[in-house]
Amino acid sequence: MAWTDDNLTSLQTHVLAEEREHPSATGDFTWILSAVALAAKSIGNKVRKARIEDVIGALGDENVQGEQQQKLDVIANEIIKSCLGSRANIGALVSEEDETPTVLRTHEDGGRYAVLFDPLDGSSNLDVSVGVGTIFSIVRLSDEVKGTGEARILDPRSLQVAAGYVLYGSSTVFVLTTGRGVNMFVLDQSIGAFVLVKSNLRIPPAKKIYSINEAYVDRFPDAYRNYLNWAHDNGYSSRYIGSMVADIHRTLLKGGVFIYPPTGDHMEGKLRYLYEAMPMSMLIEQAGGRSISAADTRLLDVDPTTLHQRIPVVMGSTDEVEHVNRFLSES
Ligand code: P6P
């Protein structure tokens, strides 16, 4: 055992170590990430017992997206807000489940960050025990824009400084970037801590796997259909779980390309910019991959205009994204 770099590191000690490397660090980050980790443990516990506690299935209401809310969507949403609400440096919370931001503190009262999240992405898969997840983005709010509402969150000077997801699958996996590479942790239930299992995770530059819901192929723009025909002729495999966190986790670890294109009834795609595509794009890029929303258009260069806007997504291995980009550029 190399005692210098094979130590047992928890998410907490990892974030504290990173904080010590930032002379200007104030501990704000550590404070927020510890709240996210607490929420993840609590949600994971609920997901694992969902069928036993009879919280499977739809609530009967629709969320702001017009989608059937699952009972656990609401439970996960409340858990995250109850964990983050106590952090004194958070100005606002933006959730897929809430039409408007939860305003906690103004800029003057120290609200320096916003946390944007999809509390339980892919939750419609819960009743068949498919991996579901929490996706989050931490945004350092601009000091130029007062107030705390939508305008400050969407201001181009507000910057995404961290992103991550928690995958509630065969194990509970926490994947995080704070802008210095991607690190992967797994929840060790016996000690109740996320332990570091992979530092500086790198996505393979190429892998013949595409991940897309081909059921909608007739409604895709021609460029995407042309790409799929090319992939079929070049020995690609298709892997699609229908749960973004699970599909992105596989793409990050094994390589390939994840695509959610414009379709007939969703010309901006289905996935939301702020709390799905934006955090996942930061993770993919920090792992050495690429994320575009259109031909030669880096997804993270797109300035959001509304909290719940959707955006087309092509992200994954650099070579694989370029294969798609080539067809998009020809259209
Ligand atoms: P479709 C889940 O509802 C979700 O938001 C993502 O997790 C997933 O990638 C996508 O929608 C699946 O959408 O249209 O293929 O069922």
Side-chain angles (χ1 to χ4, degrees), residues 10-12 15 29-65 67-105 113-127 129-139 162-169 171-176 185-189 191-194 243-246 272 274-276 279 307-308:
S10 71
L11 174 60
Q12 202 75 7
V15 174
F29 235 35
T30 311
W31 200 217
I32 294 174
L33 286 171
S34 69
V36 175
L38 177 62
K41 291 177 199 172
S42 179
I43 294 169
N45 185 41
K46 290 286 181 188
V47 165
R48 219 153 304 289
K49 297 191 295 185
R51 196 166 281 282
I52 295 167
E53 292 186 348
D54 190 25
V55 288
I56 290 281
L59 201 59
D61 302 337
E62 283 192 350
N63 62 14
V64 62
Q65 324 289 341
E67 291 176 346
Q68 274 299 312
Q69 266 189 322
Q70 304 294 310
K71 292 175 189 170
L72 262 180
D73 283 329
V74 174
I75 293 169
N77 198 34
E78 293 312 311
I79 289 172
I80 294 182
K81 292 197 284 189
S82 68
C83 292
L84 286 169
S86 61
R87 294 327 197 219
N89 51 11
I90 295 179
L93 301 174
V94 173
S95 169
E96 182 202 45
E97 299 303 325
D98 298 331
E99 184 154 7
T100 55
T102 302
V103 176
L104 297 172
R105 290 164 200 83
Y113 294 90
V115 182
L116 323 175
F117 53 90
D118 183 350
L120 203 58
D121 182 74
S123 54
S124 55
N125 293 295
L126 264 171
D127 45 356
S129 293
V130 167
V132 296
T134 299
I135 309 170
F136 66 92
S137 170
I138 300 176
V139 171
Y165 61 76
V166 185
L167 173 59
Y168 310 105
S171 58
T172 300
V173 184
F174 197 116
V175 176
L176 169 70
F185 305 82
V186 170
L187 180 61
D188 181 338
Q189 302 269 13
I191 58 174
F194 283 103
S243 177
M244 186 184 194
V245 174
R272 294 79 171 181
L274 283 186
Y275 38 79
E276 289 177 338
L307 287 181
H308 298 290

Distance from Leu38 atom CG to Ile80 atom CD1, nearest 0.5 Å? 11.0 Å
Would a 4.5 Å heavy-atom cut-off, applied to side chains only, mark Leu176 and Val15 as touching? yes
Atom pair CG (Leu274) and OG (Ser95), whose distance is rounded to the nearest 0.5 Å: 12.0 Å
ring-ring contact (aromatic ring centres under 6.0 Å, His included) partners of Phe174, counting only residues at least two apart: Phe136, Phe194
So how far is it from Ser171 OG to Gln189 CD, rounded to the nearest 0.5 Å? 9.5 Å
Do Ile43 and Pro119 make a side-chain contact, defined as non-hydrogen atoms from C-beta onward lying under 4.5 Å apart? no
Identify the heavy atoms of Pro279 and Ile135 that sit nearest to each other, and give their distance. CG-CG2, 3.6 Å
Main-chain N/O of Gly122 paired with Asn125 side-chain donor or acceptor, under 3.5 Å: yes
Roughly how far apart are Arg272 CZ and Glu96 CD, rounded to 0.5 Å? 4.0 Å
In this structure, OH of Tyr168 is separated from NZ of Lys46 (nearest 0.5 Å) by 13.0 Å
Check side chain to side chain contact (heavy atoms under 4.5 Å, CB included) between Asn45 and all other residues, then give those that pass, not counting sequence neighbours. Lys49
Sub-3.5 Å donor-acceptor pair from the side chain of Thr134 to the main-chain atoms of Val166, do we have one? no
When every non-hydrogen atom of His308 is compared with those of Glu99, the smallest separation belongs to NE2-O, 3.1 Å
Might you point out which heavy atoms bring Ser123 and Asp73 nearest each other, and give the distance in Å? OG-OD1, 2.7 Å
Taking all non-hydrogen atoms of both residues, which atom of Leu72 and which atom of Ala50 are closest, and how far apart? CD1-CB, 3.7 Å
For residues 30-37, run the donor-acceptor check on the side chains, cut-off 3.5 Å, and write out each pair with its distance to 0.1 Å, sequence neighbours left out.
unit_1: Thr30; atom_1: OG1; unit_2: Glu19; atom_2: OE1; d: 2.3
unit_1: Ser34; atom_1: OG; unit_2: Thr30; atom_2: O; d: 3.4
unit_1: Ser34; atom_1: OG; unit_2: Trp31; atom_2: O; d: 2.8
unit_1: Ser34; atom_1: OG; unit_2: Arg87; atom_2: NH2; d: 2.8

So, do Lys81 and Phe117 sit near enough that their side-chain heavy atoms are less than 4.5 Å apart? yes
Is Arg48 close to Thr172 at the side-chain level, that is, under 4.5 Å between some pair of heavy atoms? yes
With a 4.5 Å cut-off on side-chain heavy atoms, are Val47 and Leu120 touching? yes
For residues Leu104 and Gly85, report the shortest heavy-atom separation together with the two atoms involved. CD1-CA, 4.0 Å
